[in-house]
Amino acid sequence: MAAVSLLTTRLVVVPIRRIAARMAQIAQGQGDLTATLAAESADEVGDIARAYNAMTASLRETVAATATTAGQVLARLKHWPLQPRRSNARRKHRAKRQRPWRPRWRNSPSASTMPPPPPAIPRTPPAAPCG
(Lines give C-alpha, C1' and ligand atoms only; values in the text may rest on other atoms or scores of the structure.)
Protein backbone atom coordinates (compact mmCIF):
# COMPACT_ATOMS: atom_id res chain seq x y z
CA MET A 1 0.00 0.00 0.00
CA ALA A 2 2.82 2.39 0.82
CA ALA A 3 4.48 1.59 -2.51
CA VAL A 4 1.31 2.55 -4.43
CA SER A 5 1.08 5.78 -2.48
CA LEU A 6 4.75 6.61 -3.16
CA LEU A 7 4.35 5.79 -6.85
CA THR A 8 1.22 7.94 -7.15
CA THR A 9 2.98 10.79 -5.40
CA ARG A 10 5.98 10.63 -7.74
CA LEU A 11 4.02 10.19 -10.96
CA VAL A 12 1.07 12.50 -10.36
CA VAL A 13 1.36 14.83 -7.40
CA VAL A 14 4.95 16.05 -7.85
CA PRO A 15 4.55 17.04 -11.55
CA ILE A 16 1.23 18.75 -10.84
CA ARG A 17 2.78 20.71 -7.97
CA ARG A 18 5.67 21.75 -10.26
CA ILE A 19 3.21 22.98 -12.87
CA ALA A 20 1.14 24.78 -10.24
CA ALA A 21 4.25 26.51 -8.84
CA ARG A 22 5.29 27.75 -12.30
CA MET A 23 1.76 28.98 -13.02
CA ALA A 24 1.67 30.83 -9.70
CA GLN A 25 4.97 32.55 -10.59
CA ILE A 26 3.59 33.65 -13.94
CA ALA A 27 0.38 34.88 -12.34
CA GLN A 28 2.44 37.04 -9.97
CA GLY A 29 4.48 38.43 -12.85
CA GLN A 30 7.70 36.72 -11.77
CA GLY A 31 7.68 33.63 -13.99
CA ASP A 32 10.11 32.88 -16.78
CA LEU A 33 8.13 32.52 -19.99
CA THR A 34 11.07 30.90 -21.76
CA ALA A 35 11.18 27.93 -19.38
CA THR A 36 9.31 24.82 -20.48
CA LEU A 37 8.19 21.72 -18.65
CA ALA A 38 9.20 18.21 -19.61
CA ALA A 39 6.15 16.59 -21.18
CA GLU A 40 7.43 13.06 -21.59
CA SER A 41 4.49 11.08 -20.32
CA ALA A 42 1.47 10.26 -22.46
CA ASP A 43 -1.02 10.59 -19.62
CA GLU A 44 -3.02 13.52 -18.28
CA VAL A 45 -0.03 15.00 -16.48
CA GLY A 46 1.86 15.08 -19.78
CA ASP A 47 -1.17 16.73 -21.39
CA ILE A 48 -1.13 19.43 -18.72
CA ALA A 49 2.61 20.00 -19.22
CA ARG A 50 2.16 20.31 -23.01
CA ALA A 51 -0.73 22.73 -22.52
CA TYR A 52 1.44 24.76 -20.12
CA ASN A 53 4.24 24.91 -22.70
CA ALA A 54 1.79 26.04 -25.40
CA MET A 55 0.36 28.68 -23.06
CA THR A 56 3.80 30.12 -22.22
CA ALA A 57 4.70 30.19 -25.93
CA SER A 58 1.50 32.11 -26.67
CA LEU A 59 2.20 34.51 -23.80
CA ARG A 60 5.75 35.10 -25.11
CA GLU A 61 4.33 36.03 -28.52
CA THR A 62 1.76 38.34 -26.93
CA VAL A 63 4.37 40.07 -24.79
CA ALA A 64 6.67 40.51 -27.79
CA ALA A 65 3.84 41.96 -29.91
CA THR A 66 2.86 44.30 -27.08
CA ALA A 67 6.45 45.49 -26.69
CA THR A 68 6.69 46.15 -30.43
CA THR A 69 3.44 48.11 -30.45
CA ALA A 70 4.48 50.10 -27.39
CA GLY A 71 7.75 51.01 -29.11
CA GLN A 72 5.88 52.19 -32.19
CA VAL A 73 3.51 54.30 -30.09
CA LEU A 74 6.42 55.88 -28.20
CA ALA A 75 8.19 56.67 -31.46
CA ARG A 76 5.07 58.43 -32.75
CA LEU A 77 4.52 60.31 -29.51
CA LYS A 78 8.00 61.83 -29.66
CA HIS A 79 6.85 63.92 -32.62
CA TRP A 80 3.65 65.22 -31.03
CA PRO A 81 3.60 68.73 -29.59
CA LEU A 82 3.66 69.02 -25.84
CA GLN A 83 1.05 71.79 -25.70
CA PRO A 84 -2.61 70.81 -25.78
CA ARG A 85 -4.39 71.69 -28.99
CA ARG A 86 -7.58 73.66 -29.21
CA SER A 87 -10.73 71.76 -29.91
CA ASN A 88 -11.69 71.10 -33.51
CA ALA A 89 -15.02 72.89 -33.15
CA ARG A 90 -13.33 76.12 -32.13
CA ARG A 91 -10.80 75.87 -34.95
CA LYS A 92 -13.50 75.15 -37.54
CA HIS A 93 -15.60 78.10 -36.37
CA ARG A 94 -12.66 80.47 -36.66
CA ALA A 95 -11.74 79.11 -40.08
CA LYS A 96 -15.29 79.63 -41.36
CA ARG A 97 -15.24 83.30 -40.35
CA GLN A 98 -11.91 84.01 -42.02
CA ARG A 99 -12.33 82.21 -45.36
CA PRO A 100 -14.62 83.07 -48.25
CA TRP A 101 -17.24 80.54 -49.18
CA ARG A 102 -16.00 77.53 -51.14
CA PRO A 103 -17.84 74.58 -52.59
CA ARG A 104 -18.54 71.86 -50.06
CA TRP A 105 -16.56 69.24 -51.93
CA ARG A 106 -13.05 70.07 -52.93
CA ASN A 107 -13.39 68.83 -56.51
CA SER A 108 -16.94 70.02 -57.15
CA PRO A 109 -17.31 73.05 -59.40
CA SER A 110 -18.99 76.13 -58.10
CA ALA A 111 -22.27 77.26 -59.68
CA SER A 112 -20.54 79.96 -61.77
CA THR A 113 -18.17 77.52 -63.47
CA MET A 114 -20.68 74.77 -64.20
CA PRO A 115 -21.71 74.35 -67.86
CA PRO A 116 -25.34 75.06 -68.72
CA PRO A 117 -27.72 72.12 -68.67
CA PRO A 118 -28.40 70.36 -71.99
CA PRO A 119 -31.39 71.64 -73.97
CA ALA A 120 -34.70 70.00 -73.24
CA ILE A 121 -35.85 67.39 -75.73
CA PRO A 122 -39.22 68.42 -77.22
CA ARG A 123 -41.95 65.94 -76.55
CA THR A 124 -44.31 64.88 -79.29
CA PRO A 125 -47.90 64.05 -78.46
CA PRO A 126 -48.79 60.36 -78.61
CA ALA A 127 -50.23 59.06 -81.86
CA ALA A 128 -54.02 58.68 -82.08
CA PRO A 129 -55.23 55.09 -81.95
CA CYS A 130 -56.26 53.58 -85.27
CA GLY A 131 -59.65 52.26 -85.84
Side-chain angles (χ1 to χ4, degrees):
M1 186 71 152
V4 172
S5 175
L6 181 63
L7 186 64
T8 302
T9 300
R10 285 189 158 211
L11 293 177
V12 177
V13 176
V14 170
I16 289 177
R17 282 187 181 163
R18 192 177 312 131
I19 294 168
R22 291 248 179 109
M23 290 178 124
Q25 289 175 345
I26 290 173
Q28 294 170 358
Q30 302 169 356
D32 181 12
L33 294 177
T34 60
T36 58
L37 294 172
E40 299 166 355
S41 63
D43 59 356
E44 290 82 5
V45 176
D47 291 343
I48 292 172
R50 283 185 285 282
Y52 171 84
N53 291 338
M55 177 191 71
T56 55
S58 176
L59 286 173
R60 276 193 306 268
E61 292 172 8
T62 302
V63 168
T66 302
T68 301
T69 303
Q72 292 170 351
V73 168
L74 285 174
R76 287 182 183 176
L77 286 177
K78 287 180 182 178
H79 303 292
W80 279 44
L82 297 177
Q83 297 177 349
R85 292 183 170 207
R86 294 182 179 178
S87 73
N88 279 341
R90 192 173 188 186
R91 211 173 320 131
K92 285 179 183 178
H93 177 70
R94 181 175 289 150
K96 281 184 180 178
R97 287 187 315 182
Q98 295 173 353
R99 283 189 278 168
W101 179 87
R102 291 186 191 161
R104 180 171 180 171
W105 303 106
R106 201 176 267 191
N107 295 329
S108 69
S110 66
S112 62
T113 61
M114 288 179 65
I121 299 173
R123 291 189 171 202
T124 57
C130 293

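When a residue number appears, it is its place in the shown sequence, counting from 1.
Separation of atoms CG (Leu33) and CD (Glu61) is listed at 11.5 Å; rounding is to 0.5 Å. In this structure, the separation between CD1 on Ile48 and CG on Asp43 is 8.5 Å, given to the nearest 0.5 Å. The OH atom of Tyr52 sits 9.0 Å away from atom CD1 of Ile19, with the distance rounded to the nearest 0.5 Å.
Here the shortest heavy-atom pairing between Ala49 and Ala38 reads CB-O, 3.9 Å. Nearest heavy atom pair, residue Thr56 against residue Ala35, reads OG1-O, 4.3 Å.
In this structure the side chain of Asp47 reaches within 4.5 angstrom of the side chain of Arg50, judged on heavy atoms.
Using a distance-only test at 3.5 Å, with no hydrogens or angles considered, no donor-acceptor pair links the side chain of Asn53 to the main chain of Thr36. With hydrogens and angles disregarded, a donor-acceptor distance shorter than 3.5 Å links the side chain of Thr68 to the backbone of Ala64.
By the rule that hydrophobic residues join a cluster once side-chain heavy atoms approach within less than 4.5 Å of another member, Met23 and Val63 end up as members of one cluster. Both Leu37 and Met55 belong to a single network of hydrophobic side chains, linked directly or stepwise wherever heavy atoms of I, L, V, M, F, W or Y lie under 4.5 Å apart.
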